[in-house]
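Accompanying notes for the structure given below.
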Amino acid sequence: MQNFIKINDNDNVVVALSAIPQGEAVTVEVSGQERRVTAREEIPAGHKMAVCDIPAGGEVLKYGYRIGNAKEEISAGAWVHTHNVGTALGDLLEYSYEPVAAVMSAGSEPGAGAEMSAGSEPGSGTEAGQAAPKSGGAQNVTFMGFNRPDGKVGVRNEIWIIPTVGCVNNVATAIARQAGAFVRGTVEEVIAFPHPYGCSQMGEDQEYTRTILADLINHPNAGGVLVLGLGCENSNIGELMPYIGDYDENRVKFLVAQECEDEIAEAVEIIRGLIDYVAGFEREPVSVEKLVVGMKCGGSDGLSGITANPLVGRFSDILISRGGTTILTEVPEMFGAETILMNRCANEELFHKTVDLINDFKQYFKSHNQTIYENPSPGNKKGGISTLEDKSLGCTQKSGSALVKGVLQYGERVQTPGLNLLSAPGNDLVASTALAAAGAHIVLFTTGRGTPFASPVPTVKISTNSGLAGRKANWIDFDAGVLVEDDRSMAEEARNLFDYVVEVASGRQVCSEAAGFHDMAIFKQGVTL
């Protein structure tokens, strides 16, 4: 295997798959001709090396797009990173709709495009209209899920305790611990979701809390729910009811702690009754067209946009080709790659919603007097990501090649099958919770540096490199590093990931579930009283 990759023919940098020592020469095609380029200094794994001279102010090209401008003249063979390249992004921008066709053909799956191998361009799916091989055999793929009386489907049969306010967090945790002793049958776990909100909030901030809590209460992965209130909070149960809407009284129960002599004892008895109800559900075959999968990345590195993110994009195309739904979020990590998504909007109305999605988030930064492009993070930079454009062009590859069929506000639930965009920040816990609240049954989380966190739904950790997968086997569920380290086929690994997700939807635990981790976080941006 070669120790570098040139992602796009037009790029003027290559990415080191393993460290390129100072003085080592690599052979790479530049402007249609093979050229030997000698590293002027050591190029760390995941980082970029110039393959031709780039003048000061010139564009640095990766993925076939500009990822920034050279701060100074960069010679062929030089290390290209934050010291000599800077963002070229501006503030609020004007956009025009220039629609492109989806790369994947309607009703078929991606897979026959150019495969990614070290030193070559990564596979990007089929050409428009080209027939593609079917993944996993017959089209009617099913998973073993739980059909709910309201027509929804869950991939877990859990009982959730949702506190309305942070004041009862410890009570909720104690209830879950005690009630867990009574779990039986198909009931998988009793889980408390503590959070610090629900009181002393104002305006939109409080609306966000109420909306997300209601979304989780209505999530089909929870066969039963106990809504635990204190009694005096702003977002008390009475205030929350309109957000919850119609509900099944067998499935959702309420308890106000201030109105009980012993709230823990009473709650445990309520949950024992919920266990009787939830134990009546059995797994049965469900078409994957019912499956909703969220897509998120965090702790990204220089391989994120080469291995794990394109792999998730291929997965997204496969699921969508079978009638399923995927959701892409973390809007600040679309900045610099947003036009790619805008031009894949299925119609002009969705285009304008995507423009608002981007510019509203930029305005959020500006309204708080913060730099719009305060990204990438220190860990990203250490892994080889130099600018926000660099990060975003890698991040948005998780969207695959399908058309955008829906654009969701924060807290809004998905309604349209296919690829959806969701307004949420880049923060891992907040964005992953937002995906669950939007209706995702499972979240695919790609990472180059690793993280143990979970979300309210099964959170599949996909490593960008095999070193991380080997070092953190207790965190990582799927290794995308094999795409470059073992020269595996992108199409084959996408099918493997699809099959793995079907297994998770059918009950296979991911690492964070096996560890007993369950996290949630709500987007806070307002005044605290």
Side-chain angles (χ1 to χ4, degrees), residues 160-176 191-219 222 225-245 247 252-260 263 267 329-332 356-357 360-370 374 408-413 422-440 453-457 518-529:
W160 291 1
I161 303 172
I162 307 293
T164 63
V165 65
C167 304
V168 291
N169 280 346
N170 288 331
V171 173
T173 301
I175 294 167
I191 303 166
F193 287 104
H195 62 87
Y197 304 123
C199 202
S200 302
Q201 293 178 277
M202 300 177 68
E204 191 175 58
D205 204 35
Q206 188 164 244
E207 289 296 304
Y208 281 171
T209 294
R210 293 171 178 174
T211 300
I212 296 298
L213 294 181
D215 287 342
L216 294 180
I217 291 165
N218 287 308
H219 199 289
V225 179
L226 172 63
V227 183
L228 178 66
L230 177 60
C232 58
E233 66 274 21
N234 294 129
S235 293
N236 59 65
I237 288 173
E239 293 291 336
L240 203 57
M241 294 299 284
Y243 297 81
I244 298 171
Y247 67 94
V252 183
K253 304 294 183 181
F254 302 91
L255 183 70
V256 179
Q258 289 175 344
E259 298 175 2
C260 302
E263 65 279 357
T329 190
E330 57 191 326
V331 176
D356 291 341
L357 186 80
D360 287 352
F361 231 100
K362 288 183 178 181
Q363 192 60 53
Y364 161 65
F365 281 89
K366 290 170 69 69
S367 68
H368 286 79
N369 299 313
Q370 298 299 315
E374 191 61 40
L408 309 173
Q409 293 300 309
Y410 180 73
E412 187 177 356
R413 293 176 216 165
L422 169 65
S423 179
N427 178 272
D428 293 347
L429 272 71
V430 174
S432 296
T433 301
L435 288 167
F453 93 102
S455 78
V457 299
H518 303 282
D519 299 314
M520 71 163 288
I522 299 172
F523 189 18
K524 173 164 176 58
Q525 46 174 319
V527 172
T528 298
L529 293 173

Full working for side chain to side chain contact (heavy atoms under 4.5 Å, CB included) between Asn236 and Val256: CA-CA 9 Å; Asn236 59 65; Val256 179; over 6 Å; no
Verdict with reasoning, Phe453 to Leu429, per side chain to side chain contact (heavy atoms under 4.5 Å, CB included): CA-CA 8 Å; Phe453 93 102; Leu429 272 71; 3.5 Å; yes
Worked check of side chain to side chain contact (heavy atoms under 4.5 Å, CB included) between Cys260 and Leu255: CA-CA 8 Å; Cys260 302; Leu255 183 70; 3.3 Å; yes
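Asp205 places no side-chain N or O within 3.5 Å of a backbone atom of Met202 that could act as its donor or acceptor partner. Under a 3.5 Å cut-off, the side chain of Asn169 and the backbone N or O of His195 do form a donor-acceptor pair. Judged purely by atom type and a 3.5 angstrom limit, Asn218 uses its side chain to pair as donor or acceptor with the backbone of Ile244. With hydrogens and angles disregarded, no donor-acceptor distance shorter than 3.5 Å links the side chain of Ser423 to the backbone of Leu357. In this structure a side-chain-to-backbone donor-acceptor pair under 3.5 Å is present from Thr329 to Leu422.
Between Thr164 and Ser235 the shortest heavy-atom distance is CB-O, 3.4 Å. When every heavy atom of Ala172 is checked against every heavy atom of Ala192, the shortest pair comes out as O-CB, 3.5 Å. Taking each heavy atom of Ala424 and Ala431 in turn, the nearest pair found is CB-CA, 4.3 Å. Nearest heavy-atom pair, Tyr243 versus Arg413, reported as atom, atom and distance to 0.1 Å: O-NH2, 4.0 Å. Summarising the geometry of Ile212 relative to Ala437, their closest heavy-atom pair is CD1-CB, 3.7 Å, with the distance given to 0.1 Å. Of all heavy-atom pairs between Pro425 and Pro332, the closest is CA-CD, 4.0 Å.
Counting heavy atoms of neighbouring residues, nucleotides and ligands inside a 6.0 Å radius, atom CG of Asp356 exceeds 12 of them.
Rounding to the nearest 0.5 Å gives a distance of 7.5 Å between SG of Cys167 and CD of Glu233. From Thr528, atom OG1 reaches atom CD of Gln201 across 6.5 Å, with rounding to the nearest 0.5 Å. Expressed to the nearest 0.5 Å, how far OG1 of Thr211 lies from CD of Glu412 amounts to 10.5 Å. To the nearest 0.5 Å, the span separating CD1 on Ile161 from OG1 on Thr173 amounts to 8.0 Å. Of the inter-residue distances, the one linking Ile217 atom CD1 with Phe193 atom CZ reads 12.0 Å to the nearest 0.5 angstrom. Atoms OH and CG, from Tyr197 and Asn234 in turn, are 14.5 Å apart once rounded to the nearest 0.5 Å.
Taking the six-membered ring where the residue is Trp, His219 and Trp160 present tilted rings, their angle falling between 30° and 60°.
A donor-acceptor contact closer than 3.5 angstrom is absent between the side chains of Tyr364 and Gln370.
Between Asp360 and Val331, every side-chain heavy-atom pair lies at or beyond the 4.5 Å cut-off.
Here the rule is side-chain contact (heavy atoms from CB on, under 4.5 Å) with Ile162, and of Ile191, Val252, Leu228, Val225 only Val225 fits it.
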